[in-house]
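Encoded as C-alpha cells, the structure appears first; notes follow it.
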Amino acid sequence: MSNRLRHLAIIMDGNGRWAKERGLRRTKGHEAGVDTVRRITEYCATHPEIETLTLYAFSTENWKRPKLEVDYLMHLLRKYLKEEQPRYMEHGIRFEVIGDLSPFSDRLREVIEETRQRTRSNRELTQILALNYGGRDEIVRSVRRLLAVGEEPSEQSISAHLDTPYSDVDLLIRTSGEQRLSNFLLWQLSYTELAFTDSYWPDFSVDELRSIIEQFRKRERKFGGI
Ligand code: IPE
Ligand code: IPE
Ligand code: MG
C-alpha cells in the first residue's frame with residue numbers, strides 16, 4: 001500500500017542565493033519566492049489528499065539578519081496576505097499561522113487576523129505559515145500553557161498545547177541543498193519522511209513536487225514497528 005500524504009511541510013530555502021546568482025539583491029529572491037508559495041499552495045489545494053501545507057517563512061533566528069532585510073520580509077508578508085485574500089477564497093484555502101506573533105507590528109498582526117477570520121470556513125486546504133517560529137520556542141510555550149492550567153506533562157498534553165493541534169507531518173521537503181531542520185517543527189517531525197532538493201525555492205516547481213511525492217509514496221514507513 002502506498003503512503004497517504006495529508007500533511008506536507010516545506011522549509012522554503014535559497015531565495016538569497018537564487019538572487020545572488022543573478023546579480024540581484026536578496027530582496028528580489030524573496031519576491032520571487034512569493035510566486036512559488038502561490039504556485040505550490042494552489043497545487044496543494046487541488047491535490048485530493050493533502051489537507052495541510054505548513055510553510056516555514058520566518059524563524060525565531062531570522063531576526064539576526066540585517067534590519068533592512070527583516071523589514072522587507074515583514075513588508076512582503078503584509079503585501080502577500082492582502083493580495084492573497086481573494087485567491088484564498090477562490091481556491092478554498094484556509095489560512096493559519098504558527099509561531100509567536102507578539103514581536104510583530106500591530107498592522108501586520110491585524111492583516112494576519114483578518115485573513116484567518118475571512119478564510120476560516122474554507123476546506124480545500126489549510127495553509128499554515130510559520131512566522132517567528134522556532135520548534136524549541138513552541139515546545140517551551142506549550143509547557144508554559146499547561147503549567148498555567150495545572151496539567152500534567154504528557155505527550156498528549158504537550159501536543160495539545162502546541163501552536164499546531166494539527167496532524168503530524170507526513171513529508172518534509174527542504175529546498176536549496178541544505179540538509180538540516182533549522183529549528184522547524186521539532187516535535188511534529190519525529191516520524192516524518194524527509195526529502196531534500198538542490199533547487200532554490202524560487203525555482204521549485206509543481207513537477208518537482210509531484211516527483212518527490214511519487215518517491216514518498218514508495219517509502220516504507222515503520223513507526224518503530226517491523
Ligand atoms: C529562505 O531563503 C527565506 C527565509 C529564510 C525568509 P534565504 O533567505 O534563507 O536564502 P539563502 O539561504 O540565503 O539563499
Ligand atoms: C530556515 O532557513 C528558515 C526559513 C526557511 C524561514 P534559514 O536560511 O534561516 O536556515 P539556516 O540559517 O540556513 O539554517
Ligand atoms: Mg537560507
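In each ligand, atom 1 is the first atom listed, and ligand 1 is the first ligand listed. Atom set for the values below is all heavy atoms of this structure, side chains included, hydrogens, waters and symmetry mates excluded.
Ser176 does not count as a contact of ligand 1, since none of its heavy atoms falls under 4.0 Å from the ligand.
Contacts between Phe184 and ligand 2, counted as non-hydrogen atom pairs separated by less than 4.0 Å, are absent for every part of the residue. Contact annotation: for Arg65 versus ligand 2, heavy atoms closer than 4.0 Å belong to the side chain alone. Residue Arg26 touches ligand 1 through its side chain alone, judged by heavy-atom distances below 4.0 Å. By the criterion of a heavy-atom distance under 4.0 Å, the side chain of Arg174, and not its backbone, is placed next to ligand 2.
Checked against a 3.5 angstrom limit, the closest N/O atoms of Arg180 and ligand 2 fall inside it. Considering backbone and side-chain N/O atoms, Ser182 comes within less than 3.5 Å of an N/O atom of ligand 2. Here's the thing with Asn62: none of its N/O atoms is less than 3.5 angstrom from an N/O atom of ligand 1. Checked by distance only, ligand 1 and Trp18 stay at 3.5 Å or farther apart across all their nitrogen or oxygen atoms. Between Ala57 and ligand 1, no N or O atom pair is found at a separation short of 3.5 Å.
Atom CZ of Arg120 has 12 or fewer heavy atoms from other residues, nucleotides or ligands within 6.0 Å. Counting heavy-atom neighbours within 6.0 Å of Gln156 CD, excluding the residue itself, gives a total of 12 or less. Counting heavy-atom neighbours within 6.0 Å of Arg39 CZ, excluding the residue itself, gives a total above 12. For Leu186, the CG atom is densely surrounded, since the number of other residues' heavy atoms within 6.0 Å is greater than 12.
There is a side-chain donor-acceptor pair under 3.5 Å between His30 and Glu69. Side-chain atoms of Thr41 and Gln127 include a donor-acceptor pair closer than 3.5 Å. Checked by atom type, the side-chain pair Asn62/Ser59 shows a donor-acceptor distance below 3.5 Å. There is a side-chain donor-acceptor pair under 3.5 Å between Gln188 and Glu138. There is no side-chain donor-acceptor pair under 3.5 Å between Trp201 and Asp13. There is a side-chain donor-acceptor pair under 3.5 Å between Arg17 and Ser176.
The distance from ligand 2 to the heavy atoms of Phe58 drops below 4.0 Å at these ligand atoms: 6 (C). For ligand 1 and His30, the ligand atoms under 4.0 Å from any heavy atom of the residue are 3 (C), 8 (O). Within ligand 2, the atoms closer than 4.0 Å to a non-hydrogen atom of Ile11 are 5 (C), numbered from 1 in the order shown.
Of the options Arg17, Glu178, Glu21, the smallest heavy-atom separation from atom 12 (O) of ligand 1 is shown by Arg17.
Among all non-hydrogen protein atoms, the one lying nearest atom 10 (O) of ligand 1 is Gly16 N, 2.9 Å. The protein heavy atom nearest to atom 5 (C) of ligand 2 is Met12 O, 3.4 Å.
Leu81 and Thr115 make their closest contact through CB-OG1, 4.0 Å (heavy atoms, listed as atom of the first residue, atom of the second, distance).
Using a 4.0 Å threshold on non-hydrogen atoms, atom 2 (O) of ligand 2 counts as touching the protein.
In terms of distance to the Mg ion (ligand 3), the nearest N, O or S atom of Asp13 is named OD1.
Side-chain contact between Arg210 and Tyr43 is present, with at least one heavy-atom pair separated by less than 4.5 Å.
Within the 2.8 Å limit, Glu178 places no N, O or S atom next to the Mg ion (ligand 3).
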